[in-house]
Amino acid sequence: MSEKHDRKAASTPAQQTSSEIDDGTRVFFDQARTAHASGTLGASGTDAVDAEKSKPAKPHYHGHRQRLRDRFIKGGATALADYELLELMLCMAMPRGDVKPLAKSLITQFGSFANVLAARPEDLKTAKGLGDAGIAAIKIAEASALHLSRERAMELPVIASWEQLIDYCRARIGHLKNEELHLLFLDRKNRLIADECHQRGTVDHTPVYPREVIKRALELHASALILVHNHPSGDATPSKGDIDMTRKIIDAAKAMEITVHDHIIISRAGYNSFKTLGLI
């Protein structure tokens, strides 16, 4: 060969094999495939299986929340027990963990689902395992129920939607521990203008001032009103003091051409109407 030919041959790069790609990627995978075929990766494969087995088992309540949601969406509140409805409510505020025991203990502690919703925040704080987020969820649910029942009561004249009015009053004050006197002010068509707490008292007594009742009715341009107060004792029977106070308010209202339609006493067990009892 000539010197020129020799130099040309020497400068020609050798052919790269498929396992000699510059970045080394092919080399790695070729070696890995070879090792796997020969069984040299058996130990690491066993480790992977052992690691899978060592993973913690899923908790017993895994998927429970989704099943509760599905039942509620398909069947509504009647598809769930009271503690399940409370549990679903708490799930929104407590995203992790099993809240079923907490829901059951709350109903046991306060006596019923309705009592849990109506409980004061300071009383709810005594429940073990219930934090501020859970308390807020419970009170939001109570506020939502009150708004809904109030809107329904306002849709029609009060006299024509009596049962809705009673439901609203029971939700509003039926579970309170102290007496409250509420005044429902009505317009000329007997539609609800306002519901205001006029007085708060002790467990068995609320001071009432007829002059203040009539003054407020005039300020709101109300044509009629309904008195509502609760008996925390659970007995909705009117006391002598209730009867005397109602008569004084009726007499004061007549002078201003304001009608007192009724006085309703609400308790956890039920209610009584002065009109039904023949006291008005």
Side-chain angles (χ1 to χ4, degrees), residues 77 82 85-86 89 106-107 110-124 135-187 190-209 212-213 216-217 220 222 224-239 242 245-246 249 260-277 280:
D82 282 354
L85 192 59
L86 182 56
M89 186 189 309
L106 284 170
I107 289 178
F110 291 97
S112 70
F113 176 79
N115 285 349
V116 174
L117 294 191
R120 298 178 303 174
E122 53 266 37
D123 293 331
L124 289 170
I135 292 172
I138 290 170
K139 301 314 293 181
I140 288 170
E142 182 199 23
S144 299
L146 287 173
H147 276 283
L148 178 60
S149 59
R150 185 176 186 274
E151 289 298 319
R152 286 179 173 174
M154 293 179 71
E155 287 175 357
L156 296 171
V158 167
I159 305 303
S161 54
W162 190 252
E163 291 304 319
Q164 290 180 353
L165 175 67
I166 295 300
D167 289 343
Y168 168 66
C169 292
R170 293 185 70 176
R172 186 84 163 88
I173 62 173
H175 301 277
L176 299 180
K177 292 184 177 181
N178 291 325
E179 277 198 17
E180 288 189 3
L181 172 68
H182 283 242
L183 304 175
L184 307 185
F185 298 98
L186 312 176
D187 63 15
N190 287 322
R191 292 181 184 273
L192 187 62
I193 298 174
D195 163 19
E196 296 183 354
C197 178
H198 181 67
Q199 293 289 341
R200 290 184 173 91
T202 62
V203 294
D204 59 359
H205 177 68
T206 301
V208 182
Y209 305 99
E212 294 300 318
V213 173
R216 186 57 179 154
L220 293 172
L225 59 89
I226 295 175
L227 312 176
V228 184
H229 86 276
N230 62 310
H231 277 184
S233 66
D235 182 4
T237 304
S239 67
D242 294 335
M245 176 265 291
T246 304
I249 292 177
V260 178
H261 283 308
D262 207 341
H263 183 168
I264 303 168
I265 299 178
I266 300 289
S267 75
R268 290 187 298 272
Y271 74 95
N272 260 319
S273 158
F274 274 47
K275 195 161 194 174
T276 301
L277 294 172
I280 291 181

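Count residues from 1 along the sequence.
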*Asks:* Give a yes-or-no answer on whether the side chains of Asp235 and Ser233 include a donor-acceptor pair shorter than 3.5 Å.
*Replies:*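 Distance-only check fails for Asp235 and Ser233.
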*Asks:* Does any part of the side chain of Ile173, heavy atoms only, come nearer than 4.5 Å to the side chain of Val228, both counted from C-beta?
*Replies:*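 Result yes, sub-4.5 Å side-chain heavy-atom pair found.
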*Asks:* Between Gly234 and Ser267, which heavy-atom pair has the shortest distance, and what is it?
*Replies:*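 Distance-wise, the nearest heavy atoms are O-OG, 3.0 Å.
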*Asks:* Could you check if a side-chain atom of Glu163 sits within less than 4.5 angstrom of a side-chain atom of Tyr168, using non-hydrogen atoms only?
*Replies:*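 With C-beta onward as the side chain, the pair stays apart.
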*Asks:* Apply side chain to side chain contact (heavy atoms under 4.5 Å, CB included) to Tyr271 and Ile166, showing your working.
*Replies:* CA-CA 8 Å; Tyr271 74 95; Ile166 295 300; 3.7 Å; yes
*Asks:* Are Asn178 and Arg200 close enough that some pair of their side-chain heavy atoms sits under 4.5 Å apart?
*Replies:*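 No, every pair of side-chain atoms sits at 4.5 Å or beyond.
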*Asks:* Go through Ile249 and Val260 one step at a time and tell me if the side chain to side chain contact (heavy atoms under 4.5 Å, CB included) criterion holds.
*Replies:* CA-CA 8 Å; Ile249 292 177; Val260 178; 4.3 Å; yes
*Asks:* Can you find a heavy atom in the side chain of Leu227 that is under 4.5 Å from one in the side chain of Phe274?
*Replies:*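 No. Closest side-chain heavy atoms not under 4.5 Å.
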*Asks:* Compute whether any side-chain donor of one residue and acceptor of the other, for Asp242 and His231, lie under 3.5 angstrom apart.
*Replies:*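 There is such a pair between these side chains.
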*Asks:* Do Arg170 and Asp167 sit within salt-bridge range, that is, some charged N less than 4.0 Å from a carboxylate O?
*Replies:*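 Not counted as a salt bridge, because no side-chain N and carboxylate O are separated by less than 4.0 Å.
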*Asks:* Can you give me the closest heavy-atom contact between Ala118 and Glu142, atom names plus distance?
*Replies:*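 So the two residues come closest at CA-OE2, 3.6 Å.
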*Asks:* Decide side chain to side chain contact (heavy atoms under 4.5 Å, CB included) for His229 and Glu180; before the verdict, give the C-alpha distance in whole Å, the side-chain angles of both, and the deciding distance to 0.1 Å.
*Replies:* CA-CA 5 Å; His229 86 276; Glu180 288 189 3; over 6 Å; no
*Asks:* Is there a side-chain contact between Leu184 and Cys169 in this structure, where contact means two heavy atoms from C-beta onward sitting under 4.5 Å apart?
*Replies:*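 Answer yes - side chains close enough.
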*Asks:* What's the spacing between Phe110 CZ and Asp123 CG if we round to 0.5 Å?
*Replies:*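 Phe110 atom CZ to Asp123 atom CG measures 5.5 Å (nearest 0.5 Å).
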*Asks:* Do the non-hydrogen side-chain atoms of Arg172 and Asp195 ever get within less than 4.5 Å of each other?
*Replies:*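 Yes, at least one pair of side-chain atoms sits under 4.5 Å.
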*Asks:* Which heavy atom of Phe185 sits nearest a heavy atom of Val213, and at what distance?
*Replies:*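 Scanning both residues, the minimum pair turns out to be CE2-O, 4.2 Å.
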*Asks:* Quick one: side chain to side chain contact (heavy atoms under 4.5 Å, CB included) partners of Glu212, sequence neighbours excluded?
*Replies:*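 With neighbours one apart ignored, the set is His198, Tyr209, Lys215.
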*Asks:* With side chain to side chain contact (heavy atoms under 4.5 Å, CB included) as the test, would you mind laying out the steps for Ile226 and Leu165 before giving the verdict?
*Replies:* CA-CA 11 Å; Ile226 295 175; Leu165 175 67; 4.0 Å; yes
*Asks:* Could you state the interatomic distance from CD1 (Ile135) to CZ (Arg120), rounded to the nearest 0.5 Å?
*Replies:*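 If I round to the nearest 0.5 Å, the distance is 12.5 Å.
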*Asks:* Given side chains that start at C-beta, do those of Leu225 and His261 come closer than 4.5 Å, heavy atoms only?
*Replies:*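 Not touching, per the 4.5 Å side-chain cut-off.
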*Asks:* Just by distance, do the side chain of Lys139 and the backbone of Leu117 share a donor-acceptor pair under 3.5 Å?
*Replies:*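 Present.
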*Asks:* Heavy-atom distance under 4.5 Å between the side chains of His175 and Arg268, does that happen here?
*Replies:*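 A side-chain contact exists here, since the closest heavy-atom pair is under 4.5 Å.
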*Asks:* Using atom types as modelled and distance alone, determine if a side-chain donor or acceptor of Asn272 lies under 3.5 Å from a backbone N or O of Ala236.
*Replies:*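 Indeed, once roles are kept as given, a pair shorter than 3.5 Å links the two residues.
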*Asks:* Check Ile280 against His263 and note the closest heavy-atom contact, atom names and distance.
*Replies:*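 What the structure gives for the nearest pair is CD1-N, 3.7 Å.
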